[in-house]
Amino acid sequence: MRDPDGLIARAGVRGDPNRDQHFLVDDRVLDRLPTYLEEIDADTSHLLEIGGGTGALTDRLLAMGDEGDHVTVVERDRDLAEFLREEFAAEIDAGDLTVIEGDALEVDLPAFTASLSNLPYGVSSEITFRLLPEKRSLVLMFQREFAERMVAEPGTSEYGRLSVSTQHYAEPEIVETIPKEAFSPPPAVESAVVRLRPRNPDYEVDEEEFFLRFVKALFTQRRKTIRNAIRNTAHISGLEAPEAVVDAADEDVLRKRADAMAPTEFAALAKLAVDVGEPCED
Ligand SMILES: C[S@@+](CC[C@H](N)C(=O)[O-])C[C@H]1O[C@@H](n2cnc3c(N)ncnc32)[C@H](O)[C@@H]1O
């Protein structure tokens with residue numbers, strides 16, 4: 001395996017925290033990351049890495065592959081993308097690796113089967129919600145506090161819109177927390193690795209876009225009852241007839257607060273809102 005410090009030296013760069021550049025330099029962490037996909041027998045025939053940096057993780061991903069498998073890495077920084085193309089020239093020539101230079105929020109993503117990435121934290125939420133609808137196994141690194149909100153259960157202070165929308169697409173679990181010293185330069189806060197296994201929710205949501213917008217709206221008033229939150233947030237949820245939803249919903253639900261509502265309860269309420277609340281198109 002390539003030595004992470006050697007890669008940084010060859011690239012001749014220092015990670016720039018203002019550009020979300022914190023390179024993994026702890027070999028033990030780098031060695032463990034692929035095992036989180038292997039443990040669940042994920043399909044690793046086309047691995048996607050967002051934010052390749054100097055390639056320490058890219059190298060591990062290439063080592064996971066069998067004959068014919070492929071790795072695609074997306075890197076926004078022009079110098080780092082150039083370095084990756086030079087460092088991994090043999091793998092690119094052999095057809096095992098593609099380097100896409102560009103912003104992971106904008107480039108066309110390939111038909112990947114799983115992703116393992118140490119995400120740029122400034123855009124980790126946007127990238128995650130680009131990947132989740134693809135319903136693939138994901139092992140992603142986040143700021144620890146963000147990871148804890150993703151996996152939070154109803155009734156806890158961390159539970160919120162992020163928990164419901166994440167758990168709508170996947171079963172998330174924190175598989176490891178990582179100290180700052182594992183990175184160069186060290187980030188300001190601790191990190192956590194989250195494994196996300198795609199799931200079909202045990203509830204039905206006919207209109208996914210409305211569901212996510214409705215959840216977002218209700219959590220803007222997390223200290224209010226659902227009754228008042230439905231009434232006060234029609235400008236966000238887009239409900240033309242919020243009062244009809246209040247009239248049709250169960251009193252038990254209306255008395256709750258958003259942070260006590262399980263995803264299933266949100267889904268049932270969203271379905272009712274679609275049926276009677278006249279949600280507008282966008
Ligand atoms: C936290 S570093 C991880 C680097 C490397 N994978 C590692 O673990 O050492 C994140 C990388 O994402 C890149 N990056 C930042 N914003 C990006 C974006 N919007 N799209 C693609 N890459 C981005 C940074 O240049 C940096 O190399």
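Values below: every heavy atom of this structure, side chains too, minus hydrogens, waters and symmetry copies.
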Output, in order, the C-alpha distance, side-chain angles, deciding distance and verdict of side-chain contact (heavy atoms from CB on, under 4.5 Å) for T128 and L119.
-> CA-CA 9 Å; T128 304; L119 292 179; 3.7 Å; yes
Say you draw a straight line from [atom1] of [X] to [atom2] of [Y]; how long is it, rounded to the nearest 0.5 Å?
X    : Y    : atom1 : atom2 : answer
L37  : L47  : CG    : CG    : 6.5 Å
E158 : E145 : CD    : CD    : 8.0 Å
N228 : R255 : CG    : CZ    : 13.0 Å
F112 : I50  : CZ    : CD1   : 7.5 Å
R197 : R195 : CZ    : CZ    : 5.5 Å
S165 : E208 : OG    : CD    : 10.5 Å

Is it true that [X] and [Y] make a salt bridge, defined as a side-chain N closer than 4.0 Å to a carboxylate O?
X    : Y    : result
E86  : R10  : no
R257 : D259 : no
R2   : E91  : yes
R32  : E176 : yes

Using the side-chain hydrogen bond (donor to acceptor under 3.5 Å, both in side chains) rule, take S117 and E49 through it: C-alpha gap first, then chi angles, then the decisive distance, then the call.
-> CA-CA 5 Å; S117 307; E49 182 189 3; over 6 Å; no
Have a look at E87 and tell me which of D59, L7, T54 forms a side chain to side chain contact (heavy atoms under 4.5 Å, CB included) with it.
-> L7
So, does Q167 use its side chain to make a donor-acceptor pair with the main chain of A152 at under 3.5 Å?
-> yes
So, E39 side chain and Y36 main chain: donor-acceptor pair closer than 3.5 Å or not?
-> no
Could you list who else is in I8's hydrophobic cluster, with ILVMFWY side chains joined at under 4.5 Å, directly or through other members?
->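 Taking Ile, Leu, Val, Met, Phe, Trp and Tyr as members, I8 shares its hydrophobic cluster with V13, F23, V25, L80.
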Selection residues 231-241 - residue pairs positive for salt bridge (Lys or Arg N to Asp or Glu O under 4.0 Å), sequence neighbours left out | R231-E243
Salt bridge (Lys or Arg N to Asp or Glu O under 4.0 Å): pairs with one or both residues in residues 62-77, sequence neighbours excluded =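 Listed by first then second residue: R19-D77.
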Stepwise side-chain contact (heavy atoms from CB on, under 4.5 Å) test for R85 and E101 | CA-CA 10 Å; R85 284 193 290 262; E101 182 183 327; 3.1 Å; yes
Residues D16 and Q21: side-chain donor-acceptor under 3.5 angstrom = no
For S45 and H70, does a side-chain donor sit closer than 3.5 Å to a side-chain acceptor?
-> no
Kindly assign one of parallel, tilted or perpendicular to the pair Y159 and F219, based on the angle between their ring planes and the thresholds 30° and 60°.
-> perpendicular
Can you label the angle between the H168 ring and the F211 ring as parallel, tilted or perpendicular, going by 30° and 60°?
-> tilted
Atom CZ of R14 with >12 non-hydrogen neighbours under 6.0 angstrom | no
Mark yes when over 12 heavy atoms from residues, nucleotides or ligands other than K256 sit less than 6.0 Å from its NZ; otherwise mark no.
->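 Enclosed: over 12 neighbouring heavy atoms sit under 6.0 Å from NZ of K256.
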Between P179 and T177 the two heavy atoms that sit nearest each other are CD-O, 4.1 Å
List the steps, then state whether side-chain contact (heavy atoms from CB on, under 4.5 Å) holds for V29 with F183.
-> CA-CA 10 Å; V29 174; F183 303 88; over 6 Å; no
Kindly indicate, with the supporting measurements, whether the criterion side-chain contact (heavy atoms from CB on, under 4.5 Å) is fulfilled by I40 and S137.
-> CA-CA 9 Å; I40 56 165; S137 300; 3.8 Å; yes
